[in-house]
Trainee: 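First, the structure itself, so that you have it in front of you.
Residue numbers start from 1 in every chain, and the chains themselves are labelled A, B, ... in the order their sequence lines are given, proteins ahead of strands. Keep in mind that the numbers below use all heavy atoms, side chains included, and drop hydrogens, waters and symmetry copies.
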Protein chains: 2
Amino acid sequence: MARQDNAGDRISEAEHAVMEALWERSPLSAAEVCDRVCAERDWSMPTVKTLLSRLVAKEAVGTKPHGRKFLYRPLIERSDYVGGESRRLVDRLFGGRAAPLFAHLAQEEALTDDDLAEIEALLREMRR
Amino acid sequence: MARQDNAGDRISEAEHAVMEALWERSPLSAAEVCDRVCAERDWSMPTVKTLLSRLVAKEAVGTKPHGRKFLYRPLIERSDYVGGESRRLVDRLFGGRAAPLFAHLAQEEALTDDDLAEIEALLREMRR
DNA sequence: ACGAATCGTCTACATACGTAGTCATAACGG
DNA sequence: CCGTTATGACTACGTATGTAGACGATTCGT
């Protein structure tokens, strides 16, 4: 049972920004990724190139040669990443229980009325 | 309005384990902290000492001389830390909206029946 | 009062991360 | 066909982090 490709290597904060760009649209060339993130994060091309290489090394994104350049596309699903990160947080801070997290967000008024409405809807849906 | 003491410096994963020990009970000496975490994380005393120093530098824990040794106690509330981390996650992965996080946890069946019941109770309480 | 145990500080070092420069090469424009 | 340009690979470097050893001071036991 070989280790899952994307299991061991964590995606860092900066790398995550690149992943978001690729999740939003892919495949993209390095230059196109830069177009989408360099301004916001105040990065230069070399930075994006490095992050892309590291993500390729971590097998989080794959490359396909296209003409003279590479096109990059995510190899892991955003929902998997998001789910993993959420689970890690819940495990680490709330003993694996989601209710306390929810309680915390509620207490901090981090929940908007819309959030509440949506969550109620979800609950109703799950009940069925 | 001077920068909040504990605002800038992030607490790392290893440091967090030490914080948990201190939140569970404090004040503690370095040796007592080690008693509570060294076994589980397979650390040696020097490691705990280093982590404690770094936490002191970050003003996340405070020291009070007690006899010949120091007693360490948390300077930041666990609820503040937990709240901050939760918020960071929600901001980074869910655009600041808690509902999608909740949806994700629900979808992944990361929510037990107990969780659901608790959350419903919380919702009812908030509505009042 | 003196040696042994203990404690905090300083130092160390490997890896990860954030950020960026250099360079050879390959392709495109003219 | 050749120079320009864009691209990926390699290198670089400072800081954060994980982990721990060395050491000097201090205090406790006897």
Side-chain angles (χ1 to χ4, degrees), chain A residues 6-22 26-73 81 85 88 92, chain B residues 6-22 26-73 75 81 84-85 88 92:
Chain A
N6 53 23
D9 301 307
R10 310 242 330 106
I11 291 173
S12 78
E13 175 94 9
E15 288 159 3
H16 172 237
V18 170
M19 290 305 291
E20 286 293 345
L22 290 173
S26 78
L28 293 178
S29 67
E32 286 166 336
V33 171
C34 187
D35 287 345
R36 290 163 171 264
V37 298
C38 283
E40 186 169 2
R41 311 266 307 203
D42 196 35
W43 283 342
S44 59
M45 264 297 285
T47 300
V48 173
K49 302 257 195 84
T50 300
L51 293 174
L52 280 170
S53 320
R54 290 181 182 165
L55 286 168
V56 170
K58 292 178 181 180
E59 292 180 88
V61 317
T63 59
K64 194 186 315 238
H66 181 271
R68 65 232 139 258
K69 69 187 66 166
F70 278 151
L71 291 186
Y72 299 84
R73 85 173 56 244
Y81 173 74
E85 291 295 302
R88 275 172 41 83
R92 200 160 64 88
Chain B
N6 53 24
D9 300 308
R10 310 243 329 106
I11 290 174
S12 77
E13 175 94 10
E15 288 160 2
H16 171 238
V18 170
M19 291 304 291
E20 286 293 345
L22 290 173
S26 78
L28 293 178
S29 67
E32 286 166 336
V33 171
C34 187
D35 287 346
R36 291 165 171 264
V37 299
C38 283
E40 187 170 0
R41 312 265 308 203
D42 196 33
W43 283 342
S44 59
M45 264 298 285
T47 299
V48 172
K49 304 254 195 81
T50 300
L51 294 173
L52 279 170
S53 322
R54 290 180 182 169
L55 286 168
V56 169
K58 292 177 182 180
E59 293 180 88
V61 317
T63 60
K64 194 185 317 230
H66 181 272
R68 62 239 147 249
K69 70 187 65 167
F70 278 152
L71 291 185
Y72 298 86
R73 86 171 57 242
L75 290 183
Y81 173 74
E85 290 295 301
R88 275 171 39 82
R92 200 160 63 88

Trainee: Contact class for A:Thr50 vs. all strands (heavy atom < 4.0 Å): base, sugar-phosphate, or nothing?
Mentor: base

Trainee: Is any side-chain N or O of B:Ser44 under 3.5 Å from a base N or O of D:dA20, one able to act as donor and the other as acceptor?
Mentor: no

Trainee: Can you tell me how far P of C:dA20 sits from CG of A:Leu51, to the nearest Å?
Mentor: 10 Å

Trainee: Give the rounded distance in Å between these two atoms: CD1 of B:Ile11 and P of D:dT17.
Mentor: 10 Å

Trainee: Side chain of B:Pro46 only, heavy atoms from C-beta on: which candidate in D:dG8, C:dG8, D:dG21 is closest?
Mentor: D:dG21

Trainee: What pair of heavy atoms forms the shortest contact from B:Ala30 to B:Val48, and how long is it?
Mentor: O-CG1, 4.0 Å

Trainee: Check the distance between C:dG18's P and A:Glu15's CD and give it to me in whole angstrom.
Mentor: 6 Å

Trainee: Nearest heavy atom decides the nucleotide; on that basis, is A:Arg54 or A:Arg68 closer to the 5' end of DNA chain D?
Mentor: A:Arg68

Trainee: Return whichever of A:Thr47 or B:Ala31 has its heavy-atom-nearest nucleotide of DNA chain C closer to the 5' end.
Mentor: B:Ala31

Trainee: Would you mind reading off the distance between B:His16 atom NE2 and D:dG18 atom C1', rounded to a whole angstrom?
Mentor: 16 Å

Trainee: What is the distance, rounded to the nearest whole Å, between atom CZ of A:Arg10 and atom C1' of C:dA16?
Mentor: 12 Å

Trainee: Looking only at heavy atoms, which two atoms of A:Ala21 and A:Arg36 are closest? And how far apart?
Mentor: CB-CB, 4.3 Å

Trainee: Any idea which heavy atoms bring A:Glu20 and B:Arg92 closest together, and the distance?
Mentor: OE2-O, 4.5 Å

Trainee: Rounded off to whole Å, could you give me the CE-to-C1' distance for the B:Met45 and C:dC7 pair?
Mentor: 7 Å

Trainee: Below the 4.0 Å mark, does D:dG18 have OP1 or OP2 next to a side-chain nitrogen or oxygen of B:Ser12?
Mentor: yes

Trainee: Could you walk me through whether B:His16 and B:Glu13 pass the side-chain contact (heavy atoms from CB on, under 4.5 Å) check?
Mentor: CA-CA 5 Å; B:His16 171 238; B:Glu13 175 94 10; 5.6 Å; no

Trainee: For the pair made of OH in B:Tyr72 and P in C:dC7, what is the distance, rounded to whole Å?
Mentor: 10 Å

Trainee: With sugar-phosphate meaning primed atoms plus P, OP1 and OP2, does A:Lys49 contact a base, only sugar-phosphate, or nothing at under 4.0 Å between heavy atoms?
Mentor: base

Trainee: Here's a test for you: under side-chain hydrogen bond (donor to acceptor under 3.5 Å, both in side chains), which of A:Arg10, A:Lys58, A:Arg54 qualifies with A:Glu15?
Mentor: A:Lys58

Trainee: Tell me whether the OP1 or OP2 atom of C:dT9 has a side-chain N or O from B:Lys69 closer than 4.0 Å.
Mentor: no

Trainee: In whole Å, what is the span from the CG atom of B:Leu28 to the P atom of C:dC7?
Mentor: 13 Å

